[in-house]
Amino acid sequence: MTDTAVHSASGEPVVDAFGRPLRSLRLSVTDRCNLRCAYCMPEENYVWLPREDVLTFEEMAALTGYFTDLGVDKVRLTGGEPLLRRDLPRLIRLLLQNHNINEIALTTNGILLSDQAEALYEAGLHRVTVSLDTLRPERFRQLTRRDEYARVLEGIESVCRIGFTGLKLDTVAIRGFNDDELVGLIEFGKHFRAEVRFIEYMDVGGANEWAPDKVLSRDAMLAILGKYYGKIDPMPERGSAPAQRFILPDGTTFGIIPSTTTPFCASCDRSRVTADGIWYRCLYATTGTDLRKPLRDGISGQEMHALIRAGWESRRDRGAEERKALERVGLREAGLIGIDRLREDPHLEMHARGG
Ligand code: SAM
């Protein structure tokens with residue numbers, strides 16, 4: 001806890017305008033990625049964040065400390081591809097000095113995992129989520145524009161070998177692309193004792209090729225899986241977790257994150273800090289709060305707490321619900337952020353704010 005913690009006096013976390021607590025922080029450690037997934041980063045070249053703007057690990061840990069003072073207890077390291085940031089275990093060790101953090105998780109595409117899994121484990125990383133959309137090397141190459149499928153598999157194997165528990169595999173389910181692999185992915189997950197979570201394709205950031213007919217809805221996924229597995233039962237809700245969890249007749253569990261058809265804005269306790277210290281309170285938000293400048297200007301802890309508290313207390317974002325409302329009036333695709341605007345402000349990209 002930093003010296004000017006403010007929420008702990010009452011023990012109550014700070015809540016936003018709709019009563020949602022500030023609990024989960026996604027820290028993007030880099031905007032760079034070693035894949036070019038069609039639904040996220042389809043261009044070969046991007047306007048990258050200026051190097052001098054990117055926060056040091058010390059700055060990230062300090063900022064995180066202000067957030068944990070106000071209620072955050074879960075931190076997810078993301079990107080871009082977080083494993084491209086050199087010596088990530090050092091950041092994990094720094095963060096673990098903060099005893100208000102209950103969980104540090106990592107979301108990665110897995111390419112560099114086999115080299116780094118051991119060091120991450122030793123540093124104290126709690127959980128790993130690997131993004132994996134297909135089990136077919138050729139499809140992987142087509143989607144990501146890189147021939148790295150084998151290295152992702154090695155990465156997943158290394159996570160299991162080293163002893164991480166609670167491995168998750170996140171799959172963006174896209175109609176006409178990988179809807180024939182849902183069963184295969186669950187079976188693959190069983191083999192690695194990993195829970196698979198299917199994410200509905202979202203119309204965010206660089207997803208300029210998004211179209212409603214590419215969204216494989218939760219109900220469509222359940223229908224496909226039900227045909228193969230038989231009865232699928234929902235599991236009890238877990239508070240603010242975005243995934244709805246289900247159980248198969250053999251006890252295997254899996255999740256669906258239906259962000260597009262059934263947004264979870266009402267319980268969303270997430271916010272994101274980009275690698276250059278801009279704080280976004282919603283994945284769809286077009287503006288954020290610059291925390292880098294005040295941090296580097298040396299404002300007091302009290303002022304930083306006040307800034308974050310005010311930002312959260314005034315939060316009224318419900319971006320995914322608003323997008324869904326646009327769909328009802330046929331305007332969802334028109335609302336996609338154009339490529340020119342994305343070029344002007346890279347912060348609007350998913351790869352800058354961490355997905
Ligand atoms: N590079 C890391 C990875 O691949 O996991 C972390 C960053 S990536 C932006 C985080 C997650 O966002 C990935 O699971 C990715 O599949 C997901 N994602 C990106 N664009 C998406 C979209 N348009 N719809 C749904 N999920 C998306």
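One-based numbering along the sequence shown. In listed order, ligands and their atoms are each counted from 1. The figures here come from the full heavy-atom set of this structure, side chains too, leaving out hydrogens, waters and symmetry mates.
Note that atom 24 (N) of ligand 1 has protein non-hydrogen atoms nearby, at separations under 4.0 angstrom.
Partner of Phe67 under the side-chain contact (heavy atoms from CB on, under 4.5 Å) criterion, out of Val75, Val14, Leu25: Leu25 alone.
Looking at Thr108 against ligand 1, only its backbone comes within 4.0 Å, counting heavy atoms.
Here is the list of ligand 1 atoms found below 4.0 Å of a heavy atom in Asn109: 2 (C), 3 (C), 4 (O), 5 (O). For ligand 1, the atoms closer than 4.0 angstrom to any heavy atom of Val172 are 16 (O), 25 (C), 26 (N), 27 (C). Close approach of ligand 1 to Thr78 (heavy-atom distance below 4.0 Å) involves ligand atoms 6 (C), 7 (C). Every atom of ligand 1 with a heavy atom of Tyr201 under 4.0 Å away is listed here by number and element: 23 (N), 24 (N).
In terms of protein heavy atoms, atom 10 (C) of ligand 1 is closest to Gly354 O, 3.7 Å. In terms of protein heavy atoms, atom 27 (C) of ligand 1 is closest to Met350 CE, 3.7 Å. At the shortest separation from atom 16 (O) of ligand 1 among protein heavy atoms lies Tyr39 OH, 3.0 Å. With hydrogens left out, the protein atom closest to atom 3 (C) of ligand 1 is Ser131 OG, 3.4 Å, a heavy atom. Here the heavy atom of the protein found nearest to atom 12 (O) of ligand 1 is Gly355 CA, 3.8 Å.
Inspection of the Asp170 and Ser131 side chains reveals no N or O donor paired with an N or O acceptor under 3.5 Å. Inspection of the Asp31 and Tyr46 side chains reveals no N or O donor paired with an N or O acceptor under 3.5 Å. For the residue pair Ser271 / Trp279, a side-chain donor-acceptor distance below 3.5 Å is found, with atom types taken as modelled.
Both cation-pi conditions hold for Arg139 and Phe177: the charged atom is under 6.0 angstrom from the six-membered ring centre and inside a 45 degree cone around its axis.
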Can you check salt bridge (charged side-chain N to carboxylate O under 4.0 Å, His left out) on Asp147 and Arg141, steps first, answer last?
CA-CA 5 Å; Asp147 200 4; Arg141 199 184 56 76; 5.1 Å; no

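Atoms CD and CD1, from Gln97 and Ile92 in turn, are 13.0 Å apart once rounded to the nearest 0.5 Å.
A salt bridge links Glu148 to Arg151: one of the charged nitrogens lies within less than 4.0 Å of a carboxylate oxygen.
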Report all side-chain donor-acceptor pairs from residues 101-112 shorter than 3.5 Å, counting only partners two or more places apart or in another chain.
residue: Asn102; atom: ND2; partner: Asp73; partner atom: OD2; Å: 3.3
residue: Glu103; atom: OE1; partner: Arg127; partner atom: NE; Å: 3.3
residue: Glu103; atom: OE2; partner: Arg127; partner atom: NH2; Å: 2.9
residue: Thr107; atom: OG1; partner: Arg76; partner atom: NH1; Å: 2.8
residue: Thr108; atom: OG1; partner: Glu81; partner atom: OE1; Å: 3.4
residue: Thr108; atom: OG1; partner: Glu81; partner atom: OE2; Å: 2.7
residue: Thr108; atom: OG1; partner: Gly110; partner atom: N; Å: 2.9
residue: Asn109; atom: OD1; partner: Ile111; partner atom: N; Å: 3.1
residue: Asn109; atom: ND2; partner: Asn34; partner atom: OD1; Å: 2.8
residue: Asn109; atom: ND2; partner: Glu81; partner atom: OE1; Å: 3.3

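Where the criterion is an N or O separation shorter than 3.5 Å, residue side chain and backbone included, Ile199 fails it with respect to ligand 1.
The closest approach between a heavy atom of Gly80 and any atom of ligand 1 is below 4.0 Å. Heavy-atom distances between Glu200 and ligand 1 reach below 4.0 Å in at least one pair.
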